[in-house]
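Counting begins at 1 with the first residue of the sequence. Predicted model only: the values in this text are computed from it and were never measured.
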Amino acid sequence: MIRPVGGGWDDRTVSAVPAAESALAPAVAALLRRDPAGLVAAVVQQHDTGEVLMVAWMDDEALRRTLSTGRATYWSRSRREYWVKGETSGHRQWVRDVRLDCDGDALLVLVDQEGPACHTGERSCFHRELEVTRAAR
């Protein structure tokens, strides 16, 4: 059972979801257009500044956990497991809003980010600028 602890969510209980509670609402699931692996891209943005923090992947269960706990939960393609952002680093994402794009193939997750979002220690994963040659108008 997922339970609030000390003003936040107890990270130890997020993964312990009984099977009967594990289905994403059918009305929400019907809106999603998943890739062949069953995933949808999740663009994560700071809710009050609009800063783009990171991109991750969600399947139905990760989205269900995110919507039901208020903690950003993703599917790790490399580790092939669910991960709650900040569970080990302490750099938690408190979900304020989740929006689905017009095609149903991408999510916008608006969060209140604690600490850096990037595993490198940077605030945003998008901290490396590339040179752009501007086209004449």
Roughly how far apart are E122 CD and H119 NE2, rounded to 0.5 Å?
-> 10.5 Å
Candidates L67, L63, V84 - the one meeting side-chain contact (heavy atoms from CB on, under 4.5 Å) with T73 = V84
Counterpart residues, salt bridge (Lys or Arg N to Asp or Glu O under 4.0 Å), relative to D112 (two or more places apart) = R96
Keeping the roles fixed (side chain from Q45, backbone from G50), state whether a donor-acceptor pair exists under 3.5 Å.
-> yes
Hey, any chance L108 and M58 share a hydrophobic cluster, counting ILVMFWY side chains that come within less than 4.5 Å of each other, even indirectly?
-> no
Can you name the residues that form a salt bridge (Lys or Arg N to Asp or Glu O under 4.0 Å) with E81, not counting sequence neighbours?
-> R79
Atom CG in L39, atom CZ in R77: separation rounded to 0.5 Å?
-> 7.5 Å
Going from CG on L110 to NE2 on H47, what distance comes out if it is rounded to the nearest 0.5 angstrom?
-> 8.5 Å
Counterpart residues, side chain to side chain donor-acceptor pair (under 3.5 Å), relative to R99 (two or more places apart) = D97
Hits for side-chain contact (heavy atoms from CB on, under 4.5 Å) against V40, two or more places apart or cross-chain, chain-then-number order -> L32, R34, L107
Can you label the angle between the W75 ring and the Y82 ring as parallel, tilted or perpendicular, going by 30° and 60°?
-> perpendicular
Can you tell which of V44, V55, D59, T66 makes a side-chain contact (heavy atoms from CB on, under 4.5 Å) with Y74?
-> V44
Verify same cluster id: V43, W83 (apolar side-chain graph, 4.5 Å) = no
Mind checking what makes ring-ring contact (aromatic ring centres under 6.0 Å, His included) contact with W57, not counting sequence neighbours?
-> none
Mind checking whether V109 and Q93 have side chains closer than 4.5 Å, heavy atoms only?
-> no
Do the side chain of D60 and the main chain of R64 share a donor and acceptor less than 3.5 angstrom apart?
-> no
Under the side-chain contact (heavy atoms from CB on, under 4.5 Å) rule, collect the residues that match up with R123, sequence neighbours excluded.
-> Q46, E51, L53, Q113
Using a 4.5 Å cut-off on heavy atoms from C-beta on, say whether the side chain of V111 contacts that of K85.
-> no
